[in-house]
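Heads up: the structure comes next, in structure tokens.
Numbers restart at 1 for each chain; the letters A, B, ... are given by sequence-line order, proteins then strands.
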Protein chains: 4
Amino acid sequence: MKKMKPKYMQIIDAAVVVIAENGYHQAQVSKIAKQAGVADGTIYLYFKNKEDILISLFEEKMGQFVENIEEKIAGKKSAAEKLLMMIETHFQLLSDDHHMAIVTQLELRQSNKELRLKINDVLKGYLQLIDKIIMEGKESGEFSSSLDVRLSRQMIFGTIDEIVTSWVMSEQKFNLRALAPKVHSLLVNGLVNCQ
Amino acid sequence: MKKMKPKYMQIIDAAVVVIAENGYHQAQVSKIAKQAGVADGTIYLYFKNKEDILISLFEEKMGQFVENIEEKIAGKKSAAEKLLMMIETHFQLLSDDHHMAIVTQLELRQSNKELRLKINDVLKGYLQLIDKIIMEGKESGEFSSSLDVRLSRQMIFGTIDEIVTSWVMSEQKFNLRALAPKVHSLLVNGLVNCQ
Amino acid sequence: MKKMKPKYMQIIDAAVVVIAENGYHQAQVSKIAKQAGVADGTIYLYFKNKEDILISLFEEKMGQFVENIEEKIAGKKSAAEKLLMMIETHFQLLSDDHHMAIVTQLELRQSNKELRLKINDVLKGYLQLIDKIIMEGKESGEFSSSLDVRLSRQMIFGTIDEIVTSWVMSEQKFNLRALAPKVHSLLVNGLVNCQ
Amino acid sequence: MKKMKPKYMQIIDAAVVVIAENGYHQAQVSKIAKQAGVADGTIYLYFKNKEDILISLFEEKMGQFVENIEEKIAGKKSAAEKLLMMIETHFQLLSDDHHMAIVTQLELRQSNKELRLKINDVLKGYLQLIDKIIMEGKESGEFSSSLDVRLSRQMIFGTIDEIVTSWVMSEQKFNLRALAPKVHSLLVNGLVNCQ
DNA sequence: GATGAATGAGACTTCATTCAT
DNA sequence: CATGAATGAAGTCTCATTCAT
């Protein structure tokens, strides 16, 4: 299995660095190869083409991302606690990897529609995780039983994504992780916060 | 003033059509010129360069967009009503102009970081409108007085944007406008909805 | 009509020179552009792609070639005389244009099967000319009435082609044109020459 | 001696198959190695480089080809009978090995000038065979004593080659071998056929 | 002898922009 | 004002060959 070979991840990690530091459109294959310490041609022993690097990058990193979050929320009982942990972990993981944050929030969005559709497929794992939390919350009575799961998920994901993007564009000048409780409260209680 | 001349808007409208129908990366200047019924070189009498077309496009259209929404919410008294009207109008305006919806939600996001920063500047007018509603709601007591305006605005904008993007990607198969009340309720009451 | 523009023929003529002097696989578009005195991109205003240059080259030159021969044999009465004139003109034209001789006999044959099929289409005009002479000869009684036209044409064309190729490969050290009568006699009388 | 080792012919035979089925430009060394059931590197234990495979292929196969024909015509007394047998055997051998027919008539001609010059060297054995028949015919009085041997040989070879190529390009839809007598008659008697 | 992972040079084509008319 | 022919820079991928095992 090719993913076992060390050069596979070596090239993906190089791609993250190069894209983060040079931008999506300045991330030439030759630059990635150089950063990875391999010859240009070697890239093509592990990836079909340039697009395949980007999709694989997203698959690997998003896979780890979702796994990480799943582990973290596994210990939490309530849906609200799971949601908080999810937001915290999401913020934490991106805070810990500035390169990856730039790549996912800014650079990879410049890819063409086709690639973005494939990226969306990978994203589905994360969205389903959110859906599961929402449904648990509805069943346990923590969340309103009349919630539209799809819209709720879009609110949660859209909010988190907007905040992270804004953080990245501000050049990560503030502590993202620290925002998690307030964001959680906003999502759970809404603008009114009748408590 | 250039903007008064008929060819200025003619070219911008052509750009919307060409980008919507061909995609961002297939929207060559020559195609826009052809669609606008002018020569390639004529474009450069009205715009500094290609990027300038896109920024101007966004300025013009986003200006109209914000004006439209401002007019609509002017008659509303409460912040909650204004928010609902804003969401409804946002959804309505994009439903009425599929080309523009595709351009703003999908295609223009493929532009490079530099252009996106300029687009964000244009977007500020809209974001300030949201901020104003939130602050009004806080002052009137409709919304929690402890709201973080910035985060709240990011929640509102992030949610709306995510929903619209999802609607565009689904090829606009469902009635976007009809979602407005549920989206409004979600934002105002949160997942808990303690009412 | 693009063929009217001077640069069209200018590029084709440049291609003949570059291919003849550098060989088919060393005839890069940039070399052809330089030889033609235009920018690389200009080539693509007149030709779809590199292959299109080569097909057009063959069309234009072979068109002239067949026209030339047709004019020359028009004045001849008998089929035998026409055949002789055809061979003489064929030899003469290639003797007069060494570059073209190299291109058609050696270089263009290195092209891939697809391109060669298109070239064969262009060649058909010439083959039909030969067929016409053979049929005239059969009708007039000059040639055997039992001739298979297709095989006869293949003998005539195969023979001429083999001789010209051999002349080109020998670096055109001998007088090709002078061979015409002997070749004509061979084709007409065969190895036996019972006269 | 390398040629004695089984892998030598194994690789050559693999090359014929790969070139015939994929075309000259799609016949990568790795494909030939795979078809031969050896590693890429193994090729270079038996051949200096890729070109060496092709020349060796031609040498081996053309050697057999000429040997075959020589045996067949050995029993024939007259030059005319020898010529007929030569044509028949030539047609027969290629009819019997479609792969080889494609390789020699179409694919190997796409090789560069240098390789084609080397192939021509190999071909000389065959051309000398034809020369010998012509000279015998001249001496015995069967053929015209004024024949130019070189031109005659070019007619014979050019004709046969053109007919075989045409047969291969027509995807071998008709019986090539059956044409031999007519081709022979054409060559011997010419277009006039005064008998 | 046999393997196969790694190498790295090289070229076609697109398209934003200019400027002579 | 308007035109549109001309420009030229820049990047992905292939594949023959090598060499450490």
**OP:** Mark up nucleotides 13-21 of chain E, 5' to 3', with B wherever a protein heavy atom is under 4.0 angstrom from a base atom, S wherever such an atom reaches only the sugar-phosphate, and - elsewhere.
**Re:** BBSSBB---
Can you check the [X] [atom1] to [N] [atom2] distance for me, whole Å?
X       : N      : atom1 : atom2 : value
C/Tyr24 : E/dA11 : OH    : C1'   : 13 Å
D/Asp52 : F/dA16 : CG    : C1'   : 14 Å
B/Ile32 : F/dT3  : CD1   : P     : 16 Å
A/Ile53 : F/dG11 : CD1   : P     : 15 Å
A/Phe47 : F/dT14 : CZ    : C1'   : 18 Å
C/Ile43 : E/dA11 : CD1   : P     : 15 Å

Is [X] reaching over with its side chain to a backbone N or O of [Y], donor-acceptor style, under 3.5 angstrom?
X        : Y        : value
D/Glu107 : D/Ala20  : no
D/Lys50  : D/Val29  : no
B/Gln10  : B/Ala36  : yes
C/Arg109 : C/Thr104 : yes

Subject >> Distance in Å, A/Thr165 OG1 paired with A/Ile102 CD1, rounded so as to fall on 0.5 Å steps >> reply: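 Reported value, rounded in 0.5 Å steps: 12.0 Å.
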Subject >> Basic-acidic side-chain contact under 4.0 Å: C/Asp121, C/Lys124 >> reply: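 So C/Asp121 pairs with C/Lys124 through a salt bridge.
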Subject >> Partners meeting ring pair (Phe, Tyr, Trp, His ring centres under 6.0 Å) with A/His25 (sequence neighbours left out) >> reply: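 Ring pair (Phe, Tyr, Trp, His ring centres under 6.0 Å) list for A/His25, sorted by chain: B/His25.
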**OP:** Could you tell me which residues satisfy ring pair (Phe, Tyr, Trp, His ring centres under 6.0 Å) with D/Phe65, sequence neighbours excluded, listed by chain and number?
**Re:**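 Here the qualifying residues are D/His90, D/Tyr126.
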Original post:
Between residues 109-118 of chain D and DNA chain F, which residues have a heavy-atom gap below 4.0 Å?
Top reply: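 Correct list: empty, so none.
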**OP:** Specify the residues of residues 15-23 of chain B, ordered by number, for which at least one heavy atom lies under 4.0 angstrom from an atom of DNA chain F.
**Re:**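 Nucleic-acid contacts, sorted: none.
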Original post:
With side chains defined as the heavy atoms from C-beta onward, is the minimum distance between D/Gln26 and D/Gln28 less than 4.5 Å?
Top reply: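 SC-SC contact between D/Gln26 and D/Gln28 confirmed.
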**OP:** Would you check if C/Met100 and C/Leu57 make a side-chain contact, meaning some heavy-atom pair closer than 4.5 Å?
**Re:**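 When only atoms from C-beta onward are counted, C/Leu57 and C/Met100 do touch, with a gap below 4.5 Å.
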**OP:** Locate the shortest heavy-atom distance separating C/Ile11 from C/Tyr46; write the atom from each residue and the value.
**Re:**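 Taking every non-hydrogen atom into account, CD1-CD1, 4.1 Å.
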Original post:
With Watson-Crick and G-U wobble geometry limited to distances under 3.5 Å, how should the secondary structure of DNA chain E be encoded in dot-bracket form, using | for bases paired to another strand and [ ] for crossing pairs?
Top reply: .||||||||||||||||||||
Original post:
Yes or no on side chain to side chain contact (heavy atoms under 4.5 Å, CB included) for C/Val18 and C/Lys34, after CA distance, side-chain angles and deciding distance?
Top reply: CA-CA 10 Å; C/Val18 170; C/Lys34 199 170 182 183; over 6 Å; no
**OP:** Could you tell me whether the phosphate oxygens of F/dA6, OP1 or OP2, come under 4.0 Å of any side-chain nitrogen or oxygen in C/Lys7?
**Re:**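 Result: yes.
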**OP:** Please determine if a side-chain N or O atom of A/Lys31 lies less than 4.0 Å away from the OP1 or OP2 oxygen of F/dG11.
**Re:**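 No, A/Lys31 has no side-chain N/O under 4.0 Å of OP1/OP2 on F/dG11.
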**OP:** Would you sort out whether B/Arg116 and A/Leu106 count as a side chain to side chain contact (heavy atoms under 4.5 Å, CB included), showing the intermediate values?
**Re:** CA-CA 9 Å; B/Arg116 286 222 307 293; A/Leu106 300 186; 3.7 Å; yes
